[in-house]
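First comes the structure, then the notes that go with it.
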Amino acid sequence: MTSSEHPGNAAAPTRLLLIDGHAMAFRAFFALPADGFTDGRGQSTNAVYGFARMLFNVVASEQPTHVAVAFDMAGGTFRDRIYDQYKAGREETPQQFIGQIALIQKTLDALGVSWLEVPDYEADDIIASLATRMRSRGQEALIVSSDRDALQLVGPGVTLLQPVKGVTELRRMDPAAVQEKYQVDPEHYPDLAALVGESADNLSGVPGVGPKTAAKWLGKYGSLEGLLEHAEEITGKAGQSLRDHVEDVRRNRVMNAAVTDLELPDDDIVFTLGRGDRAAVNEVFDDLAFGPTIRRDLPAVFLPEGAADEEPGAADVEMPELVRPRGAEIATALSGPFSGGAALAIDGSWELGLGEATRLALATATDLAVLDLTDLDGDAEQALANWLSDRSIPKTAHDTKYAVHELSPRGLQVDGWRTDLGLAEFLCRPDQRPTDLAGLVMRHLQEELETTASGSQQTLDLDGGGSAAADEALARAAHAVHRLEPLLRADLEEHEAQALHDDLELPLAQVLGQMEAVGIQAEDSVLAELDAEHERQQTQVAESAFSHIGGDRINLGSPKQLQEVLYERLEMPKGRRTKTGYSTNAETLTDLFEKTQHPFLADLLAHRDVTKMRQIIETLRRFIAEDSRIHTTFHQNIAATGRLSSNNPNLQNIPMRTEEGRRIRGAFVVSEGYEQLLTADYSQIEMRIMAHLSGDEGLIEAFRSGEDLHNFVASRVFDVEPDQVDGAMRSKTKAVSYGLAYGLSAFGLSRQLRISQAEATALRDGYFERFGGVRDFLRESVEQARKVGYTQTILGRRRYLPDLTSDNRQRRENAERVALNSPIQGSAADIIKLAMLRVDADLRAAGVASRVLLQVHDELVLEVAPGELEQVRDLVVTGMGDAYEISVPLSVGVGVGRTWLEAAH
DNA sequence: TTGTGTACCCA
DNA sequence: GCTGGGTACACAAG
């Protein structure tokens, strides 16, 4: 079979895109500001614009051959006659929305897209009828609708694209996805909806019954009918509630059943794409005052064949024929077409767990194959293992760490990675949110969208059903990766980031993958014990708090209720303002306590602390896996400075500052077969980088002298002997030192130190007087960044800051602070990344069993095997200390212990 | 349900 | 209102 589908080609399989016009227009209206989009004559056009964007995106990425848009008609439907309260209670149509439906229809006319409305019926019924027709013919339908009633239509060949955010981000709902999300098959979704109710339609369900209960019942009795027949058997409150509301449920089920037999025009003639008229489109867009971007993004398929050629860059790229080799064919394919390298895409998703991917797609310029990982015979498996581990065969993926996670548990090791598209994109545009494959395609293959990956979320969230459609989507993803690779390589070159990609980030991704897979052992019993302690405290302190405000049991976690108590009932002086009222944060509460001595405040603060601790403990416990370990995920493409981030759970923010919080670290323990946890951290790495980059002699001397940094700096700033420096002097200069790297302001400093702004200014000026090199460096580096448009780290990692030349003072000053901080924070990130590569390589070379578990920005946590402590300690200290040479020594501290707490130093 | 704001944990 | 992150909760939207 072939997967190169040419829209407009009569021989191509038919794929009908069905759009709920009203629902999507309404969503677009709320997604975009009505005041920001007008035609210049007072008519808002935001819904039209958003709708057009959505349409273009979907057509580009889903490649339908036919399109139809369904609208609701004014004047009500048959449903209103069944239930007079149907859709009652909806707010009036916003003034600025009025008229935009007509404009959308005008736009559709120019695009040659058919739109339909049927008196007495809803758009949903039109869509249901057309989708049913397609399904009965064995053809495909794609539905774009925010109405959940459309879920019942999902089935073989019928997929629902639900808007997740705005109108451009769509979630792909196929039968498996519906089942997973709602725990019922699509066919029975209306049963579930009838039980739960639908507030948007003013259909109330069974009180006390949510989707979970409803799904449980339906699972047990098969269907709503089955359930109602056995309604008497259901025990408990929910059962009684069901019996009390049977009539509502029956009514809901009648109302939410889609009509599937409307008489509608035949698609082949009426819904074909390619009947648009560019001149007409331009005229309509002129009228709407749309800019050039959206015109450029108009997919060529809307226009008659040939018309596209007049547009620049409208290349027509054919996808190679898709094959699904099995058994011996796999060995042949891998030693043949793919022996020179390939792009790779893999199914699966984060929720599924690692190693549960079932298919692997490979693409070259001329070949495309999907392999079933669950159906490999011995020879095929060996051939695949050899191919993947052959480092002379270059491989590309959108997310190599993820691919490794899926393949490695199946015993498939990968070597020979050449490009990681996600990392490459990040190095070129670090301030962009991480781009999924579809996003990359949109950015890089604008005019060649025939080859997009469809519906991929961040981790290629393709359905794992093994259907032909899933294979095709996966194949398209691999093909897109292949097409994108040279574009991203060119991008890397343009941003001078090849070395960062090839020698730093890409190798690091493999190290991080291992760290994630290993995880760190966490002792649930320790956490449970801590939690129980905190629970007692929490209750006690809450009771005490309530007693001080007259016994009113307010929600202590609600800022709104706290404001009412503190500022209205108790009439305490109002402090800092927030967007929504007056602040109740710890700083404000502490101030208030000093002023009023009100015991409620002390209890409240204590309650906050203990509640926070319980939250952290509870989150960690939730993430302990079957192997008693916590496997965080490290991200390389989130923090714009180049730092890593960690989530699910975040192990980079485990409490440290207070004794009580630190106890949580006692739950992270060394695992069996290992002897100790070892922590190694850089001391004051950011200030050392500051010394290096600024070349300030005083600061360099401070580090070379080996004296305590803040003591040394304070003695200079306050002009006293080092042994005369008191605690206040030290903490003040320490705050300035740290503030420097953050883009110090007198205001920020004054708040941090709780001193006047005048005093803060004097302090900063005094500091700069003694460390003029630092002042000059900071000033010059901002100017340099303004000139070239970006900042740079010691390894040449760039961060583009267009706001440095903004007319908006707020934006500009913010960009200036970022410009001060990024080279410093980013260089520190570069250095520890180098250290991680080196430590990992050295551990391997030494043939030891010890391993790196975590990175916390300036710290590494390792697990040390018996008898390896001395060797590993030396190796780590050297690896970190010599990771990169700067003009002052990089000092590394080490601690060892059975737990993370004991390993602190 | 979903996004937003607030608060607070880390380096 | 001094940098970079992540998570949880309350609350208000749709």
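Sequence lines set the chain letters: A, B, ... in the order given, protein chains first and strands last, and positions in each chain run from 1.
- Partners of A/Gln752 under the side-chain contact (heavy atoms from CB on, under 4.5 Å) rule, at least two apart in sequence or in another chain, are A/Ala735.
- Ion pairing between a basic and an acidic side chain is recognised when a charged N comes within 4.0 Å of a carboxylate O; A/Glu618 and A/Arg621 show no such pairing.
- Aromatic stacking of A/Tyr742 on C/dC2: not satisfied for centres closer than 5.5 Å together with planes under 30 degrees.
- Phosphate contact (OP1/OP2 of C/dG1, side-chain N/O of A/Arg577, threshold under 4.0 Å): absent.
- Residue A/Arg751 has no polar side-chain atom (N or O) positioned under 4.0 Å from OP1 or OP2 of C/dC2.
- Looking at the side chain of A/Gln752, the nearest of the listed nucleotides C/dC2, B/dA11, B/dC8 is C/dC2.
- Base contact: A/Gly739 has a heavy atom under 4.0 Å from a base atom.
- In this model, the phosphate group of C/dG6 is not approached by any side-chain N or O of A/Ser646 to a distance below 4.0 Å at OP1 or OP2.
- In this model, the phosphate group of B/dT6 is not approached by any side-chain N or O of A/Ser583 to a distance below 4.0 Å at OP1 or OP2.
- Among the heavy atoms of the strands lying under 4.0 Å from A/Ala586 are primed sugar atoms or P, OP1, OP2 only; no base atom is included.
- Each of C/dG6, B/dA7, B/dT6 was ranked by its minimum atom distance to the side chain of A/Ile638; first place goes to C/dG6.
- At C/dC11, one or more side-chain N or O atoms of A/Gln561 fall inside 4.0 Å of OP1 or OP2 (strictly under the cut-off).
- Across the protein-nucleic acid pair, A/Lys579 atom NZ and B/dG3 atom C1' stand 13 Å apart, rounded to whole Å.
- Using a 4.0 Å heavy-atom cutoff across all strands shown, A/Tyr738 reaches no nucleic acid atom at all.
- Note on A/Lys612 versus A/Glu660: no salt bridge recorded, every NZ/NE/NH1/NH2 to OD/OE distance being 4.0 Å or above.
- Listed pair A/Lys560 / B/dG5 fails the phosphate criterion, with no side-chain N or O lying under 4.0 Å from OP1 or OP2.
- Of the residues A/Arg812, A/Arg811, A/Arg809, A/Arg786, the one that meets the salt bridge (charged side-chain N to carboxylate O under 4.0 Å, His left out) test with A/Asp803 is A/Arg811.
- Across the protein-nucleic acid pair, A/Gln636 atom CD and C/dG6 atom P stand 14 Å apart, rounded to whole Å.
- By the 6.0 Å and 45° rule, A/Arg577 stacks over the aromatic ring of A/Tyr582.
- Of the candidates A/Gln855, A/Arg643, A/Glu859, A/Gln652 forms a side-chain hydrogen bond (donor to acceptor under 3.5 Å, both in side chains) with just one, namely A/Gln855.
- At the heavy-atom level, A/Arg622 lies under 4.0 Å from the strands shown only through sugar-phosphate atoms.
- Using a 4.0 Å cut-off between charged nitrogen and carboxylate oxygen, A/Arg576 and A/Glu587 do not count as a salt-bridge pair.
- Among the atoms of the strands shown, none is found under 4.0 Å from any heavy atom of A/Arg27.
- Counting only Watson-Crick or G-U wobble pairs whose defining distances are both under 3.5 Å, the stems of 3 or more consecutive pairs in DNA chain C are B:1-11 with C:3-13.
- OP1 and OP2 of C/dT7 both lie 4.0 Å or more from every side-chain N or O belonging to A/Thr619.
- Residue A/Glu813 is out of contact with every strand shown, counting any heavy-atom pair closer than 4.0 Å.
- For A/Arg148 and B/dT2, the shortest distance from a side-chain N or O to OP1 or OP2 is not below 4.0 Å.
- Counting any heavy atom pair closer than 4.0 Å across all strands shown, A/Ser745 reaches a base atom.
- Among the protein residues, A/Ala640 comes within range of the sugar-phosphate backbone only, with heavy atoms under 4.0 Å from sugar or phosphate atoms but none that close to a base.
- Contact annotation for A/Ala741: no contact, since no heavy-atom pair falls under 4.0 Å across all strands.
- Distance, A/Phe623 CZ to C/dA8 C1': 12 Å, rounded to whole Å.
- Residue contacts shown for A/Ile824 are absent, as no nucleic acid heavy atom lies under 4.0 Å away.
- When ring centroids are compared, A/Tyr738 and A/Tyr742 stay outside the 6.0 Å threshold.
- A/Arg817 has a side-chain polar atom (N or O) that falls below the 4.0 Å cut-off from OP1 or OP2 of C/dC2.
- Within the nucleic acid shown, A/Gln825 comes within 4.0 Å of at least one base atom, counting heavy atoms only.
- Residue A/Arg643 places none of its side-chain N or O atoms closer than 4.0 Å to OP1 or OP2 of B/dA11.
- Closest approach to the A/Asn555 side chain among C/dG5, C/dT7, C/dA10 is made by C/dA10 (side chain taken as heavy atoms from C-beta onward).
- Under 4.0 angstrom from either OP1 or OP2 of B/dT6 there lies at least one side-chain N or O belonging to A/Thr580.
- In this structure, the nucleotide among C/dA10, B/dA7, B/dT2 sitting nearest to the side chain of A/Arg171 is B/dT2.
- You'll find that the side chain of A/Arg608 is closest to B/dC8, out of B/dC8, C/dG6, C/dT3.
- The side chain of A/Ser645 has C/dG6 as its nearest neighbour among C/dG4, B/dC9, C/dG6.
- The side chain of A/Asn650 has C/dG5 as its nearest neighbour among C/dG5, B/dA7, B/dA11.
- At the heavy-atom level, A/Asn814 lies under 4.0 Å from the strands shown only through sugar-phosphate atoms.
- For the pair A/Lys401 (side chain) and A/Phe634 (backbone), a donor-acceptor distance under 3.5 Å is present.
- Heavy atoms of other residues, nucleotides or ligands lying less than 6.0 angstrom from CZ of A/Arg754 number more than 12.
- A/Thr584 comes within 4.0 angstrom of the backbone, heavy atoms only, and of no base.
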